[in-house]
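The structure appears below as structure tokens.
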Amino acid sequence: MAKSQQTFSKIEKEKKKLKKREEKQKKKEERRANSKKGSGFDNMIAYVDENGHLTDTPPDPSKKKKVKAENIEIGIPKKEHIEEDPIKKGKVAFFNDSKGYGFITEQETQEKYFVHVHGLMQEVREGDKVQFELEMGMKGLNAVRVKKI
């Protein structure tokens, strides 16, 4: 006679699987039993009142407001193009002649901009009042076409 092909570990695994299936079935039946008590579409629906708060009661039709579709803005409103003067005025905050670069502080915004000797139209020193234009460089805005005032 041949020996049984089932080992002890196989039998234990089968028992665990069976137990798991039974537990899963019991949980499923419990959920079904609990969900039938007062569940349905009416209990799941939520309303928004006139103040924008979520409630479970329908809103009062007398407080309803008409909104025109044209007045609804989706996204960011378009930026109005304001023509700016490209020539800005400022003061040389720092300039190193040996290295050939420095910084200019703008009068209006007090922002500092990098300036290189190649962007100069005249020689400048620290404290000079200058006019300049901005141009995008490798690391941000740079002052170019710099002239003394």
Side-chain angles (χ1 to χ4, degrees), residues 9-10 12-149:
S9 62
K10 282 185 180 178
E12 289 300 311
K13 285 181 184 177
E14 285 293 320
K15 284 181 184 177
K16 283 183 182 178
K17 282 183 185 178
L18 235 155
K19 190 175 179 184
K20 234 180 188 180
R21 266 192 225 138
E22 287 174 2
E23 286 176 4
K24 193 174 181 180
Q25 189 66 27
K26 283 180 186 176
K27 287 181 182 178
K28 188 177 179 181
E29 288 171 7
E30 277 182 32
R31 281 196 303 269
R32 279 190 184 155
N34 291 337
S35 68
K36 290 181 182 177
K37 297 175 189 173
S39 75
F41 183 71
D42 294 334
N43 290 339
M44 288 189 272
I45 202 161
Y47 301 98
V48 180
D49 65 2
E50 64 273 359
N51 300 322
H53 301 289
L54 291 175
T55 63
D56 56 352
T57 57
D60 186 13
S62 64
K63 295 181 180 177
K64 193 174 183 179
K65 296 177 186 172
K66 290 273 186 184
V67 177
K68 292 181 181 178
E70 305 91 53
N71 296 344
I72 299 173
E73 287 188 31
I74 298 175
I76 301 170
K78 290 184 180 175
K79 193 174 180 182
E80 300 211 9
H81 186 66
I82 300 169
E83 199 63 38
E84 276 189 39
D85 187 22
I87 298 171
K88 305 201 181 281
K89 295 180 181 179
K91 189 176 182 182
V92 179
F94 166 80
F95 195 80
N96 187 337
D97 290 321
S98 62
K99 304 255 182 173
Y101 73 91
F103 294 94
I104 296 175
T105 306
E106 189 183 355
Q107 263 181 344
E108 295 173 16
T109 61
Q110 298 301 311
E111 288 228 21
K112 287 189 177 181
Y113 297 107
F114 177 82
V115 62
H116 194 267
V117 74
H118 294 298
L120 298 176
M121 298 186 91
Q122 300 172 349
E123 272 191 42
V124 293
R125 279 188 258 139
E126 286 183 29
D128 287 346
K129 292 195 178 202
V130 292
Q131 68 180 24
F132 60 96
E133 294 178 32
L134 294 176
E135 209 173 74
M136 189 52 102
M138 293 281 281
K139 295 183 179 180
L141 291 171
N142 294 344
V144 291
R145 293 180 277 287
V146 180
K147 296 180 192 173
K148 281 187 190 178
I149 299 178

Residues forming a ring pair (Phe, Tyr, Trp, His ring centres under 6.0 Å) with H118, sequence neighbours excluded: H116

Pairwise distance NZ(K28) to NZ(K24) - rounded to 0.5 angstrom: 8.0 Å

With sequence neighbours excluded, residues passing side-chain hydrogen bond (donor to acceptor under 3.5 Å, both in side chains) with T57: none

By salt bridge (charged side-chain N to carboxylate O under 4.0 Å, His left out) - contacts of K20 (at least two apart): none

Residues passing the ring pair (Phe, Tyr, Trp, His ring centres under 6.0 Å) test with Y47, sequence neighbours excluded, are none

Set of side chain to side chain contact (heavy atoms under 4.5 Å, CB included) partners for E106, sequence neighbours left out: K88, E108, T109, Y113, F132

side-chain hydrogen bond (donor to acceptor under 3.5 Å, both in side chains) filter on D60, not counting sequence neighbours, yields S62

Does atom CD (E23) have a neighbourhood of more than 12 heavy atoms from anything else shown, all under 6.0 Å? yes

Side chain to side chain contact (heavy atoms under 4.5 Å, CB included) with N51: which residues, sequence neighbours excluded? D49, H53

So salt bridge (Lys or Arg N to Asp or Glu O under 4.0 Å) across residues 138-149, not counting sequence neighbours, yields D128-K148, E133-R145, E135-R145

Given side chains that start at C-beta, do those of V48 and L54 come closer than 4.5 Å, heavy atoms only? yes

What heavy-atom pair brings A143 and I104 nearest, and what distance separates the two atoms? CB-CD1, 4.0 Å

Quick one: does Q110's side chain get under 4.5 Å of T105's, heavy atoms only? yes

Quick one: list whatever passes salt bridge (charged side-chain N to carboxylate O under 4.0 Å, His left out) with E12, sequence neighbours left out. K15

The criterion is side chain to side chain contact (heavy atoms under 4.5 Å, CB included); which residues satisfy it with K68, sequence neighbours excluded? E70, N71

Would you mind writing out the side-chain donor-acceptor pairs for residues 89-100 within the sub-3.5 Å range, not counting sequence neighbours?
unit_1 : atom_1 : unit_2 : atom_2 : d
N96    : OD1    : S98    : N      : 3.1
N96    : OD1    : S98    : OG     : 2.7
N96    : OD1    : K99    : N      : 3.3

What is the minimum heavy-atom distance between Q131 and I149, and which atoms define it? N-CG1, 3.8 Å

